[in-house]
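Each chain gets a letter, A, B and so on, in the order its sequence line appears, and its residues count up from 1. Since the model is a prediction, treat every value here as computed from it, not as a measurement.
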Amino acid sequence: MKMAKPTLLLIDGNSLAFRAFFALINQVDRFVNHEGLHTNALVGFNNLLDGIVDPFKPDLALVAWDAGKTTFRTGKFDDYKGNRDKTPQELVEQFEPLRKMVELHGIKSYELPGYEADDIIGTTARMGEVAGYAVTIVTGDRDMTQLVTDDVSVWVTKKGISEIDHYTPAMVAEVYDGLTPAQIVEVKGLQGDTSDNYPGVAGIGPKTAIKLMKEYHTIPEMYERIDEMKASKQKEKLIAGKEDALSSRDLATIRTNAPVDYDLSSLTYNGPDYEAIIPFYQHLDFKAQLVKLANQGHTIPAPTGVQNGADGEPAHDMNNTPLEVRSLTATNLTHIEQLGDEISFYLELDDENYHTANPVGFVIGNNEHGYFVSRDIELLVQGTPVNRILQDATVKKNVFNAKGTIVALRRLGLTLPNVAFDLLLVAYLLDANDNNNDMGALAHENGYYAVRTDEEVYGKGAKFAIPEADEDLFEHLGRKAMAIQYLKDPLMAKLAEHEQTQLYDDIELPLTSVLADMEATGITVDANTLLEMRSKLTERLAELEQTIYQQAGHEFNVQSPKQLGVVLFEEMGYTPIKKTKTGYSTSVEVLEKMGDVPLVASILAYRQIAKIQSTYVEGLLRVIHGSDSKVHTRYLQTLTQTGRLSSVDPNLQNIPVRIEEGRRIRKAFVPREKGWRILSADYSQIELRVLAHITGDKHLQEAFINGEDIHAATARRIFGIGPDETVDGNIRRQAKAVNFGIVYGISDFGLAKNIGVSRKQAKQIIDTYFEQYPGVKTWSEEIIAAAREQGYVETIAHRRRYLPDIKAKNFNLRSFAERTAMNSPIQGSAADIIKIAMINMEKALRDAGLQSKMLLQVHDELIFEAPESELPILHELVPRVMDSAMPLDVPLIVASHEGETWYDAK
DNA sequence: TCGCTCACG
DNA sequence: ACGTACGTGAGCGAG
């Protein structure tokens with residue numbers, strides 16, 4: 001039996017670092033650790049070490065680096081690599097940690113003044129060959145393939161660093177049309193290299209170079225035999241370029257005799273030093289790596305600065321506490337009674353929609369007394385110890401997703417008073433980017449790694465399955481409960497540091513209960529109204545479809561933008577106005593610009609109806625609960641970057657209103673009792689009022705204090721309309737667009753597009769606006785400066801949004817962050833206000849002993865159902881509670897309307 | 001699963 | 001020179 005040769009792995013540090021850096025150059029500003037160190041090259045390099053070196057387990061390994069700019073090559077040829085751009089600072093700062101990374105992976109680094117990494121590798125490769133090693137070289141530079149022999153293979157990364165070509169002598173012959181590895185320098189000598197900036201022979205490219213070397217083998221031999229060549233332009237070029245060819249060949253040749261000062265025996269590969277690499281990864285914010293290591297059973301210490309206990313003891317073992325879960329049985333059920341006055345509780349469901357999902361298990365306990373797990377949901381019902389504790393208002397509950405838990409328990413007949421800590425909610429408040437609803441992912445983001453993601457444990461999509469083995473499910477649930485417990489103190493401490501304790505205690509946590517109530521109450525939808533609409537719309541669609549086929553001259557899928565594009569812009573020959581990534585754009589914006597084309601008009605009508613039909617009529621019919629004829633949306637309280645709610649399953653925040661045909665959908669939303677009415681109350685111009693408040697702009701405030709029509713007032717100011725003149729409707733429309741623009745973080749381009757003026761005119765309008773409202777101008781400059789300095793912006797209630805891109809080099813990313821810096825405090829503060837109003841509203845309704853129910857929130861609007869008799873009270877109470885939610889320097893104005901249906905409450 | 005389109009504030 | 005208005009969710013076609 002043949003013994004396998006020992007292995008030597010040689011890594012071209014510089015070329016791979018460059019490859020890794022430029023592979024992620026687009027996202028260079030996204031890969032930044034908490035200290036501002038760029039990490040894109042580090043990430044790529046680490047993947048390479050993890051993905052190639054560690055599994056390879058070579059006997060010997062070495063990473064070679066360039067020592068500096070000056071080498072023997074620069075001495076021979078002044079301009080060698082002379083046209084290279086300066087190495088970007090973002091990469092330069094990564095070299096030192098790169099070397100550290102190599103060391104921590106158990107690999108020796110080496111550099112040699114006067115030589116390039118290539119030469120070190122060439123030299124070491126020959127040393128290895130002689131000593132009987134199988135040598136593998138990993139590089140991003142294909143020229144290294146000149147070192148290939150039977151014993152030396154070269155792996156070259158391509159497409160960034162994700163794919164690798166393996167070069168053997170056979171592979172070289174294939175790529176270079178039969179040439180040997182040694183002949184690669186001959187080809188390079190003739191063709192030159194633009195990136196290394198040596199010339200080769202002018203007028204000779206790779207094809208000719210290969211052809212010549214097939215015939216003459218080497219450059220010196222070619223010049224010896226040059227007389228055999230027939231007279232030609234090419235021959236003249238070769239003769240003229242002889243000196244360049246020879247010197248270029250020399251530059252291309254990797255040295256195999258560099259004076260390295262080590263023996264092979266000093267290159268032993270030691271493998272990663274986990275003890276040391278974990279803090280290194282923590283420093284770089286390599287979360288994914290840490291999760292992987294935690295899953296492999298390594299202990300991850302708490303990140304520095306995070307304290308585990310109130311006593312200030314560092315959480316050294318936060319991720320290393322052995323899990324103690326016990327299956328809850330009849331015999332140990334009484335242990336539950338001894339858990340004390342604070343517990344973690346988690347109820348697992350088989351679907352994210354907690355209104356309909358089935359409970360599949362739960363965990364209850366704490367670190368002090370252990371955790372108890374069960375699949376038996378009967379253990380939660382009335383009369384059990386678990387039931388008593390959950391409903392005991394003196395016992396603090398620590399949970400993940402309080403709202404979902406409350407709604408799901410409510411379906412089982414339980415309440416959940418005294419929720420102290422909601423991991424999902426707190427993590428979101430600390431950083432709205434942590435809006436993942438998976439506990440594992442979220443815990444990892446916050447430095448706790450001893451819990452896996454649901455996707456890992458349960459799978460996803462069609463593969464989703466709750467583990468059959470008790471031990472698998474129970475371990476996951478136990479770890480979830482521990483994650484909640486362990487993250488409580490550090491995250492609550494962070495809330496306090498961020499001055500967000502009030503936001504949490506007084507707004508978000510109370511709101512959770514209010515929302516749970518609204519969702520569970522639901523709103524009644526009259527299916528018959530929708531069914532009638534459906535048959536009418538079906539008819540209209542069929543008619544329109546036939547019309548469209550006639551107008552187009554043939555049948556096609558009207559709903560396919562791709563097919564429509566072909567019909568309009570190829571068959572019918574209209575000029576495309578806008579393109580998308582994948583083809584012609586056929587959006588409303590484009591179609592409306594096409595003028596009076598009958599087909600286009602039909603398409604627009606068809607799309608409108610089809611939208612109403614599929615999204616609203618059919619979409620709503622699908623989600624009406626059979627049991628109560630209601631729809632129960634879920635408000636996502638931990639998703640948006642600004643602090644708004646969002647609504648899913650169904651989305652009740654985008655029910656049509658602007659166009660009459662769609663608006664009729666609202667006729668299906670009715671009160672739950674006969675004779676009751678729907679009442680809707682909305683804030684007038686809440687965002688502009690918030691803007692007036694936080695900018696302190698006197699002119700803007702004055703307009704609101706005097707109760708003026710705000711868009712008309714803006715029009716007077718920016719278009720210089722006198723007090724006696726009337727504001728023309730079109731002018732007011734433009735001013736309205738300007739006001740919107742200001743709220744969105746205005747740009748001349750955006751405004752121009754929106755109101756159809758030139759960019760120059762738009763810029764003029766904006767300049768005038770800022771002259772007229774100097775407080776707004778000053779504030780927008782200050783908020784951007786503050787974002788740059790602190791890295792985040794805040795709402796009135798200290799809701800925080802981080803803006804890492806505010807310092808991006810990329811103009812688009814940076815501009816976007818700047819607009820966001822202006823918009824988020826405005827949109828977010830408006831969200832703060834209505835949230836407070838909702839909390840106060842529930843209390844006001846309860847205190848007044850009313851039967852009326854708050855059902856929906858649509859950003860600046862609240863919708864109620866009420867018995868006829870309570871309406872007079874509501875028309876007074878609702879606007880009062882809403883307009884007094886937060887005292888601002890300008891008044892908040894609320895209007896209320898009632899009707900038989902949501903449609904009529906206008 | 002992604003991109004397009006379109007519904008809302 | 002760059003090429004964008006802010007925040008969402010759902011349905012559909014196409015790969």
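- Not one side-chain nitrogen or oxygen of A/Arg644 sits closer than 4.0 Å to the OP1 or OP2 atom of C/dG7.
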Quiz item: Could you go step by step and tell me if A/Arg663 and A/Glu660 meet the side chain to side chain contact (heavy atoms under 4.5 Å, CB included) rule?
Solution: CA-CA 5 Å; A/Arg663 191 172 194 151; A/Glu660 173 58 24; 4.0 Å; yes
Practice problem: Please report the C-alpha distance between A/Leu424 and A/Lys403 in whole Å, then the side-chain angles of each, then the deciding distance to 0.1 Å, and finally whether the side chain to side chain contact (heavy atoms under 4.5 Å, CB included) criterion is met. | Solution: CA-CA 10 Å; A/Leu424 176 66; A/Lys403 179 156 64 67; over 6 Å; no
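- Between C/dC2 and B/dC6, the distance separating the two P atoms is 29 Å to the nearest Å.
- Residue ring and nucleobase are stacked for A/Phe749 and C/dT4, with a centre distance beneath 5.5 angstrom and an angle between planes beneath 30°.
- OP1 or OP2 of B/dT5 lies within a sub-4.0 Å distance of a side-chain N or O belonging to A/Thr586.
- In this structure, A/His355 and A/His632 have tilted ring planes: the angle between them lies in the 30° to 60° band.
- Within the 4.0 angstrom heavy-atom criterion, base atoms lie near A/Gly741.
- Side-chain atoms of A/Glu861 and A/Ser680 form a donor-acceptor pair, as typed in the model, at a separation below 3.5 Å.
- Under the 3.5 Å distance criterion, the side-chain polar atoms of A/Asn651 are left unmatched by any main-chain donor or acceptor of A/Val648.
- A/Lys579 comes within 4.0 angstrom of no nucleic acid atom, judged by non-hydrogen atoms across all strands.
- Taking a cutoff of 4.0 Å between a charged side-chain nitrogen and a carboxylate oxygen, A/Lys777 and A/Glu781 qualify as a salt bridge.
- Distance noted for atom P between C/dT4 and B/dG3: 16 Å (whole Å).
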Practice problem: Can you run through DNA chain C from 5' to 3' and write each base as (, ), [, ], | or . depending on how it pairs? Watson-Crick or G-U wobble, both distances under 3.5 Å. | Solution: .....|||||||||.
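- In this pair, A/Phe811 does not lay its aromatic ring on the base of C/dC2; centres under 5.5 Å and planes under 30 degrees do not both hold.
- A donor N or O paired with an acceptor N or O is found under 3.5 Å between the base of C/dG3 and the side-chain atoms of A/Arg759.
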Practice problem: Take nucleotides 9-15 of chain C nucleotide by nucleotide from the 5' end and write B, S or -, depending on whether a protein heavy atom sits under 4.0 Å from the base, only from the sugar-phosphate, or from neither. | Solution: BSSSSSS
Exercise. Determine, stepwise, if the pair A/Val558 / A/Leu564 fulfils side chain to side chain contact (heavy atoms under 4.5 Å, CB included).
Key: CA-CA 6 Å; A/Val558 184; A/Leu564 177 61; over 6 Å; no
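- Within 6.0 Å of NZ in A/Lys667 there are more than 12 heavy atoms belonging to other residues, nucleotides or ligands.
- Separation of the A/Tyr792 and A/Tyr802 ring centroids falls under the 6.0 Å cut-off.
- Remark: the A/Gln827 side chain and the C/dC6 base include a donor-acceptor N/O pair separated by less than 3.5 Å.
- Heavy atoms of A/Glu861 sit nowhere under 4.0 angstrom from any nucleic acid atom.
- Of the residues A/Ile603, A/Leu599, A/Ile577, the one that meets the side-chain contact (heavy atoms from CB on, under 4.5 Å) test with A/Leu591 is A/Ile603.
- Checked against C/dC6, B/dA7, C/dT8, the side chain of A/Phe816 finds its nearest nucleotide in C/dC6.
- Here A/Asp860 lies in heavy-atom contact (under 4.0 Å) with sugar-phosphate atoms only.
- Residues from residues 536-549 of chain A with heavy atoms under 4.0 angstrom of DNA chain C: there are none.
- Residue contacts for A/Ala752: at a heavy-atom cut-off of 4.0 Å it reaches no nucleic acid atom on any strand shown.
- The phosphate of C/dT4 (OP1 or OP2) has no side-chain N or O of A/Ser815 nearer than 4.0 angstrom.
- Between A/Arg658 and the phosphate of B/dC8, there is a side-chain N or O to OP1/OP2 separation shorter than 4.0 Å.
- Taking atom C1' on both nucleotides, C/dG3 is separated from B/dA7 by 26 Å, rounded to a whole Å.
- Of the residues near DNA chain C, A/Asn435 and A/Ile742, the one whose nearest nucleotide (by heavy atom distance) lies more toward the 5' end is A/Ile742.
- Side-chain atoms of A/Asn823 and A/Thr820 include no donor-acceptor pair closer than 3.5 Å.
- The residue A/Ile826 sits apart from the nucleic acid: no heavy atom pair falls under 4.0 Å.
- Results of the ring-ring contact (aromatic ring centres under 6.0 Å, His included) test with A/Phe669 over A/Tyr616, A/Trp902, A/Phe864 single out A/Trp902 as the only residue that passes.
- Note on A/Arg717 versus A/Glu771: no salt bridge recorded, every NZ/NE/NH1/NH2 to OD/OE distance being 4.0 Å or above.
- Note on A/Arg801: a side-chain N or O is less than 4.0 Å away from OP1 or OP2 of C/dG7.
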